[in-house]
Protein chains: 2
Amino acid sequence: MSSEEKIQNDKRAHILDVAEYLFAQQGFEAVSIREISKAADINIAMVSYYFGSKEKLYEAVVTRKLISSELILHYIERYNCSTDKLFAIVDLLTDKFFEHRNMQTIIFREMAMEQRTAMAELIANQLHQNFTIINDVIQKGIKQKEFKKVDVELTVMTIIGIVKIYTTSSPVVCKVLKTEDKELMFSKQYKLRLKKYLKELLTNHLGIK
Amino acid sequence: MSSEEKIQNDKRAHILDVAEYLFAQQGFEAVSIREISKAADINIAMVSYYFGSKEKLYEAVVTRKLISSELILHYIERYNCSTDKLFAIVDLLTDKFFEHRNMQTIIFREMAMEQRTAMAELIANQLHQNFTIINDVIQKGIKQKEFKKVDVELTVMTIIGIVKIYTTSSPVVCKVLKTEDKELMFSKQYKLRLKKYLKELLTNHLGIK
DNA sequence: GTCTATATATGGATAGAC
DNA sequence: GTCTATCCATATATAGAC
């Protein structure tokens with residue numbers, strides 16, 4: 001990569017970062033290109049220049065941080081028993097959601113929409129793949145008597161649901177946790193607390209010894 | 001109430017119903033007054049006439065269906081042990097969220113926003129009150145050795161989180177449950193399934209005998 | 001109460017100069 | 001690549017007729 005290409009990529013990435021933040025905070029329609037370009041300290045015309053349109057910018061923001069099912073599969077293949085695999089998934093999901101919580105907020109909002117846009121379809125499929133992996137891990141654990149019998153689909157929903165709620169509803173969760181500080185909520189300490197909680201919950205629920 | 005007042009209230013309620021549906025589907029900014037009035041089969045000017053502005057219509061949509069903490073308290077006071085109280089809350093929340101899922105979707109989106117509007121504050125406070133009630137029930141159950149020690153705040157978040165995810169992310173949850181039919185997802189049968197699952201999860205997690 | 005017409009604002013996108 | 005100026009579409013809100 002030449003140094004000029006690098007500068008260009010940096011600028012692109014910078015626009016994406018700013019746009020991600022604003023879209024997460026306010027939603028797609030509520031944010032104007034004017035606002036994004038002002039916050040990113042670039043000219044309005046540059047958004048069209050780099051991305052073509054507001055819609056395509058939005059797509060770029062979401063797609064660059066989707067959690068691929070390959071990543072999950074690669075991450076858990078080193079473990080043998082279902083418990084280790086499941087706990088590894090909990091760690092991975094929590095890490096990724098904490099790291100990409102703005103993008104997750106956007107996805108969440110998009111999931112709640114009933115409009116079948118191309119991107120909504122893309123997101124739904126991607127999420128479904130991830131659901132399927134977790135589903136299979138739990139299913140196998142039950143078959144091998146490592147876990148007791150549970151409602152597998154709703155258990156999968158529980159894992160993802162808790163991490164999602166925690167990371168994407170921060171104003172309310174802040175109050176629940178009795179911390180005024182949003183930074184604290186996303187600190188290492190609190191991430192550990194969430195992981196520990198999830199593993200205890202699953203241990204009890206699945207009857208893991 | 002005179003019969004004319006009743007007609008007027010019916011019309012108001014009808015506008016609110018239509019607006020709620022559209023706001024839930026697309027978000028506040030994405031829906032125009034034109035669209036609402038067309039869908040509700042009224043004249044555009046009527047929205048301003050009845051509600052003053054689009055913003056105030058939005059507020060009216062949300063506030064009319066907020067779950068008051070009084071309702072929860074009244075609903076659980078008839079029970080003595082913490083387990084019964086907690087299970088009653090599960091039933092009540094599930095029923096209310098199923099019934100008012102469109103409004104819940106709107107609230108959820110608003111919760112993810114970081115903007116401190118008057119309504120966001122109102123919603124956060126209301127939710128916090130409900131959280132507190134559940135928190136107290138679990139806390140008391142632990143003190144009386146009815147439940148084992150758990151992370152109470154995250155347990156509260158779990159209960160509300162699961163019901164919220166289920167009711168407000170239907171496109172994805174549909175896929176997870178392997179039902180193409182959205183109607184089925186909100187049928188009596190599936191509501192019972194969710195309640196049963198939540199009670200089992202809590203039974204295992206809290207060590208209820 | 002209901003409607004039409006309109007004032008006014010704002011947003012996305014781009015043509016064309018540099 | 002960057003910027004200004006502008007076109008065009010669409011939105012909210014309301015004045016005023018009926």
Side-chain angles (χ1 to χ4, degrees), chain A residues 1-62 106 109-110 113 115 117-119, chain B residues 1-62 106 109-110 113 115 117-119:
Chain A
M1 197 191 298
S2 77
S3 90
E4 268 175 28
E5 273 174 337
K6 192 162 184 301
I7 288 168
Q8 194 175 334
N9 279 338
D10 283 355
K11 197 157 219 165
R12 245 187 87 96
H14 180 235
I15 298 173
L16 284 168
D17 287 341
V18 171
E20 181 184 300
Y21 175 74
L22 291 173
F23 284 142
Q25 249 192 357
Q26 307 175 41
F28 178 72
E29 282 84 5
V31 182
S32 64
I33 293 186
R34 279 173 176 77
E35 194 179 348
I36 295 170
S37 51
K38 200 177 170 188
D41 200 30
I42 52 151
N43 188 277
I44 314 178
M46 286 298 97
V47 171
S48 292
Y49 178 76
Y50 279 112
F51 299 95
S53 70
K54 185 186 173 187
E55 187 91 33
K56 282 181 184 164
L57 167 63
Y58 192 59
E59 277 176 36
V61 163
V62 172
I106 296 172
R109 203 175 287 133
E110 217 60 35
M113 310 278 185
Q115 302 175 96
T117 64
M119 196 176 64
Chain B
M1 195 193 296
S2 76
S3 91
E4 270 174 28
E5 274 173 338
K6 190 161 184 302
I7 288 168
Q8 193 174 333
N9 279 338
D10 283 354
K11 196 157 220 165
R12 245 187 86 97
H14 179 236
I15 297 173
L16 284 168
D17 287 338
V18 171
E20 180 185 299
Y21 175 74
L22 290 173
F23 283 143
Q25 252 193 353
Q26 308 176 41
F28 178 73
E29 283 83 6
V31 182
S32 64
I33 294 185
R34 278 174 176 75
E35 196 178 348
I36 295 170
S37 52
K38 199 176 170 188
D41 200 29
I42 52 152
N43 188 276
I44 314 177
M46 286 298 98
V47 171
S48 293
Y49 178 78
Y50 278 111
F51 299 95
S53 69
K54 185 187 172 186
E55 186 90 35
K56 282 181 184 166
L57 168 62
Y58 192 59
E59 277 177 37
V61 163
V62 171
I106 296 173
R109 201 175 288 133
E110 217 60 36
M113 310 278 186
Q115 303 174 97
T117 64
M119 197 177 62

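Side-chain atoms are counted along with the backbone in the values below, which use heavy atoms only and exclude waters and symmetry mates. In what follows, every chain begins at residue 1, and chains take the letters A, B, ... in the order their sequences are listed.
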d([atom1], [X]; [atom2], [N]) in whole Å:
X        : N       : atom1 : atom2 : answer
Lys54(B) : dA11(D) : NZ    : P     : 9 Å
Glu29(A) : dT10(D) : CD    : P     : 15 Å
Asn43(A) : dA5(D)  : CG    : P     : 11 Å
Ile44(B) : dA13(D) : CD1   : P     : 12 Å
Phe28(B) : dA11(D) : CZ    : P     : 13 Å

Item to check | Contact check, side chains of Met46(A) and Lys11(A), non-hydrogen atoms, under 4.5 Å | outcome: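 The answer is no; the side chains never approach within 4.5 Å.
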
Next on the checklist: Less than 4.5 Å apart, side chain to side chain, heavy atoms only: is that true for Ile33(B) and Leu57(B)?
Outcome noted: no

Item to check | OH/Tyr58(A): more than 12 non-hydrogen atoms of other groups inside 6.0 Å | outcome: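 Counting other residues, nucleotides and ligands, OH of Tyr58(A) exceeds 12 neighbours.
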
Next on the checklist: Looking at Phe28(B), I want to see if its CZ is surrounded by more than 12 non-hydrogen atoms of other residues, nucleotides or ligands under 6.0 Å.
Outcome noted: yes

Next on the checklist: Judged by each residue's nearest nucleotide on DNA chain D, which is more toward the 5′ side, Tyr50(A) or Arg34(A)?
Outcome noted: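 Looking at DNA chain D, the more 5' nearest nucleotide goes with Tyr50(A).
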
Next on the checklist: For a quick check of understanding: with a heavy-atom distance under 4.0 Å over all strands, which category does Ser48(B) fall into, base, sugar-phosphate or nothing?
Outcome noted: base

Next on the checklist: By the 4.0 Å heavy-atom rule, please label Phe51(B) as base, sugar-phosphate, or nothing.
Outcome noted: nothing

Checklist entry - Is there a donor-acceptor pair under 3.5 Å between the side chain of Arg109(A) and the backbone N or O of Gln26(A)? => result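 Not a single qualifying donor-acceptor pair exists.
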
Checklist entry - Is a donor on one side and an acceptor on the other found under 3.5 Å between the side chain of Arg34(A) and the backbone of Ile44(A)? => result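 Judged by distance alone, no pair lies under 3.5 Å.
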
Next on the checklist: Of all nucleotides in DNA chain C that come within under 4.0 Å of a heavy atom of chain B, which is furthest toward the 5' end and which toward the 3' end?
Outcome noted: dG1(C) to dT4(C)

